[in-house]
Amino acid sequence: MSKISNIINASGIGSDTILKALSKVAPGLGPFIAGAQAAGYVSDQVVDFLRNKYLGKNERRQKNLLENRTAQGEASPD
């Protein structure tokens, strides 16, 4: 799973390239990616969905904390 996380979180490459790499590294994701695109989702949306699914425990905790602070009006825009 670390290969998948590394690819999903790679910077400087486009979503299309990320999805192609994921299809090669994790062939089981290929049908999911093709199905999502056939359903009308663009590459950015598919990558965002996969990023959320492959968040680590600490990243998930930070995201939840930020969402809670934003909902309460306590988060700063930076």
Side-chain angles (χ1 to χ4, degrees):
M1 184 157 68
S2 66
K3 284 184 181 180
I4 294 172
S5 295
N6 289 340
I7 293 170
I8 289 173
N9 294 316
S11 61
I13 60 173
S15 296
D16 290 328
T17 305
I18 290 173
L19 293 179
K20 286 178 187 175
L22 287 174
S23 294
K24 290 182 181 181
V25 171
L29 286 176
F32 168 77
I33 293 167
Q37 290 176 326
Y41 293 98
V42 295
S43 298
D44 290 339
Q45 291 172 313
V46 178
V47 171
D48 286 343
F49 175 81
L50 291 171
R51 277 187 183 129
N52 286 330
K53 288 297 177 186
Y54 287 97
L55 284 178
K57 189 182 237 183
N58 289 335
E59 293 165 323
R60 189 172 289 126
R61 188 177 312 131
Q62 283 295 104
K63 182 180 177 191
N64 288 337
L65 177 65
L66 182 59
E67 288 173 350
N68 289 338
R69 290 184 65 203
T70 300
Q72 295 173 3
E74 296 175 0
S76 64
D78 56 349

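Position 1 is the first residue of the sequence; numbering continues from there. Note that these values count all heavy atoms, side chains included, but never hydrogens, waters or copies made by symmetry.
- The CD1 atom of I4 lies 11.5 Å from the CG atom of N9; values are rounded to the nearest 0.5 Å.
- The shortest side-chain heavy-atom distance between R51 and I18 falls under the 4.5 Å cut-off.
- A donor-acceptor pair is defined here as one N or O able to donate and one able to accept, closer than 3.5 Å; no such pair exists between the side chain of Q37 and the backbone of A34.
- For the atom pair F49 CZ and I33 CD1, the distance stands at 11.5 Å (nearest 0.5 Å).
- One finds the CG atom of L50 at 9.5 Å from the NZ atom of K53 (value rounded to the nearest 0.5 Å).
- Other residues, nucleotides and ligands contribute more than 12 heavy atoms inside 6.0 Å of the CZ atom of F32.
- V25 is connected to V46 through a chain of hydrophobic side-chain contacts under 4.5 Å among Ile, Leu, Val, Met, Phe, Trp and Tyr, so both are in one cluster.
- Between atom CD1 of residue I13 and atom CG of residue L19 there is a gap of 9.5 Å, rounded to the nearest 0.5 Å.
- Between atom CG of residue L29 and atom OH of residue Y54 there is a gap of 4.5 Å, rounded to the nearest 0.5 Å.
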